[in-house]
Student: 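Got a structure for you, questions after.
The shown structure was predicted, so the numbers you read here are calculated from the model rather than taken from an experiment. Proteins get letters first, then strands, A, B, ... in listed order; numbering begins at 1 in each.
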Amino acid sequence: MGDLSKTFRVRDYDLDATLASGQAFRWQSLGQAWEGVIGGRWVRLCAAKDGIAAEVIKPVSDWSWLEEYLQLQVDLGQVLATFPDDEPMRNAVAALPGLRLLRQDYWECLASFILSATKQIVQIRQMVALLSERHGEPIASSGGDPAFAFPTIEAIASCSEKKLRECKLGFRAPNLLGAARDILDEKIDWRRLPTMATDEARGELTKLRGVGPKIADCVLLFAGGHHEVFPVDVWIERALQRLYFPKRRPSAKRLRKFADTHFGPYAGYAQQYLFHHARVHLKLK
DNA sequence: GCCCAGGTGAAGC
DNA sequence: GCTTCACATGGG
């Protein structure tokens, strides 16, 4: 049997901040609701009293895929308690209480962040949407437009570079294609990735062309659940500079070291707070 | 038109 | 080692 909707009880969950924070790229805001696709299922989410209401289009009896994706079991208070007690962190948390990290699919996350290189978040969304429409499986959805699953590794691997460039991927096209083919050709130990220690997994991911430390760290954090990982991108670099070293100009290496030692066991969460806060509330340049 | 965007890899000091 | 640059494409 199963149900078409379910309400999950959860505290401290800011759905808007979480789905708009640039960690996942398939969510669309429609009025009060968010519509998206998680692993081949169309979903509509809505903030509800004491929790989150979910709607699907085909009956579901086991909702663990959604609980896992949304990380409903995480006690946010415990996470926030591990943050360093300094002004930048206090401000970022105060501005967005309830911001969470999702737990995404490895391939979709890797592919999306391969596309993220020197692109704005809006444009990453556009590339991901176009790629899914053209190379993903159509799936049932509510309303007029069909929805599309994110393209499988096989679907991307069987594309030509030209086909991918037609999805506006630019110079990222060969990187995405290469990643899909290298995974299928077992150039990296893809299957064992989820159980690897952080450094080993990072080493595997960065064997892929177009995947450096930043993209690898995003995959480790957003798909692998390595919560101690702190991806450093241009936004975070600016935020760290301005918030923690206003008078000096530390090298990228120095900032990396600071990020690795300052933020504690949930540094990845801290990073997401700083990142979203910097993007939304600070005019950093 | 110009500048820059959740980077990376290669080439130049 | 560190700095600079090319790489496609679109939005502000």
Student: Between A:D217 and A:K214, is there a salt bridge with N-O shorter than 4.0 Å?
Tutor: no
Student: Answer yes when A:R90 and A:D85 have at least one side-chain N-carboxylate O distance shorter than 4.0 Å, and no when they do not.
Tutor: yes
Student: Between A:K6 and A:D3, is there a side-chain N and carboxylate O pair less than 4.0 Å apart?
Tutor: no
Student: Using the C1' atom as the reference point in each nucleotide, state the distance between C:dC2 and B:dG6 in Å, no decimals.
Tutor: 23 Å
Student: Using the P atom as the reference point in each nucleotide, state the distance between B:dT8 and C:dG10 in Å, no decimals.
Tutor: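 The same atom, P, in both gives a distance of 22 Å.
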Student: Scan A:G22 against the nucleic acid and name what it touches under 4.0 Å (heavy atoms): base, sugar-phosphate only, or nothing.
Tutor: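 If one applies the 4.0 Å heavy-atom cut-off, A:G22 turns out to touch a base.
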Student: Report which part of the nucleic acid A:R172 touches: base, sugar-phosphate, or nothing (heavy-atom distance under 4.0 Å, all strands).
Tutor: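 The residue A:R172 makes base contact.
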Student: Determine the Euclidean distance between corresponding P atoms of B:dC3 and C:dC5; express it in Å to zero decimal places.
Tutor: 14 Å
Student: Using a 4.0 Å heavy-atom cut-off across all strands, classify A:K214 as base, sugar-phosphate, or nothing.
Tutor: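 Base: the residue A:K214, judged by heavy atoms under 4.0 Å, touches a nucleobase.
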Student: Atom CG of A:L164 to atom C1' of C:dT9: distance rounded to whole Å?
Tutor: 15 Å
Student: Under 3.5 Å, is there a donor-acceptor pair between the A:Q272 and A:S21 side chains?
Tutor: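 There is such a pair between these side chains.
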Student: How close or far is atom C1' of C:dT3 from atom CZ of A:R249, stated in whole angstroms?
Tutor: 13 Å
Student: Please determine, for the side chain of A:R165, which listed nucleotide (C:dC2, C:dA8, B:dG7) has the closest atom?
Tutor: C:dA8
Student: Atom CG of A:L131 to atom P of C:dT9: distance rounded to whole Å?
Tutor: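 In whole Å, C:dT9 P and A:L131 CG are 14 Å from each other.
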Student: Using a cut-off of strictly less than 4.0 Å between a heavy atom of the residue and any atom of DNA chain C, enumerate the qualifying residues of residues 106-121 of chain A by number.
Tutor: A:T118, A:K119, A:Q120
Student: Could you tell me whether A:S21 contacts a base, only the sugar-phosphate backbone, or nothing, with contacts defined as non-hydrogen atoms closer than 4.0 Å?
Tutor: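 Base contact - A:S21 has a heavy atom under 4.0 Å of at least one base atom.
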Student: Is A:F275 stacked against the base of B:dG6, taking the criterion as centroid distance under 5.5 angstrom and interplanar angle under 30°?
Tutor: yes
Student: Considering just the side-chain nitrogens and oxygens of A:K168, establish if one lies under 4.0 Å of OP1 or OP2 belonging to C:dA8.
Tutor: no
Student: May I ask you to check whether A:T118 and A:R172 show a side-chain donor-acceptor distance below 3.5 Å?
Tutor: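 Distance-only check passes for A:T118 and A:R172.
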Student: To the nearest Å, give me how far apart CZ (A:R256) and P (C:dC2) are.
Tutor: 15 Å
Student: Would you say A:R209 places a side-chain N or O within less than 4.0 Å of OP1 or OP2 belonging to B:dA10?
Tutor: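 For B:dA10, OP1 or OP2 has a side-chain N or O of A:R209 closer than 4.0 Å.
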Student: I'd like the P distance from C:dT4 over to B:dC4, given in whole Å.
Tutor: 14 Å
Student: Can A:W27 be reached from A:M127 by stepping across I, L, V, M, F, W or Y side chains whose heavy atoms are under 4.5 Å apart?
Tutor: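 Different clusters.
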Student: Can you find a donor-acceptor pair, distance only, under 3.5 Å between A:Q271 side chain and B:dG6 base?
Tutor: yes
Student: In whole Å, I'd like the distance from the CD atom of A:E237 to the P atom of B:dT8.
Tutor: 12 Å
Student: Aromatic contact between A:H262 and A:F258, with the criterion being ring centroids under 6.0 Å apart: yes or no?
Tutor: yes
Student: Can you check the A:Q123 CD to B:dC3 P distance for me, whole Å?
Tutor: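 Result: 17 Å.
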Student: Judged by each residue's nearest nucleotide on DNA chain B, which is more toward the 5′ side, A:L208 or A:V232?
Tutor: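 Mapping each residue to its closest nucleotide by heavy atoms, the 5'-most match is A:V232.
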Student: Under 4.0 Å, heavy atoms only, any strand: does A:P213 hit a base, just the sugar-phosphate, or nothing?
Tutor: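 If one applies the 4.0 Å heavy-atom cut-off, A:P213 turns out to touch the sugar-phosphate alone, with no base involved.
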Student: Could you state the atom-to-atom distance from CE of A:M127 to P of B:dG7 in whole Å?
Tutor: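 Nearest whole value for this atom pair: 10 Å.
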Student: So if I take every side-chain heavy atom of A:Q23 and compare against B:dG6, B:dA5, C:dG10, which nucleotide ends up nearest?
Tutor: B:dG6
Student: Could you state the CD1-C1' distance from A:I124 to C:dG11, rounded to the nearest angstrom?
Tutor: 13 Å
Student: Do A:Y244 and A:F263 have ring centroids that are under 6.0 Å from one another?
Tutor: yes
Student: Side-chain donor-acceptor contacts of residues 74-81 of chain A below 3.5 Å, not counting sequence neighbours, with atom names and distances?
Tutor:
from	atom 1	to	atom 2	distance (Å)
A:D75	OD1	A:G77	N	3.1
A:D75	OD1	A:Q78	N	3.3

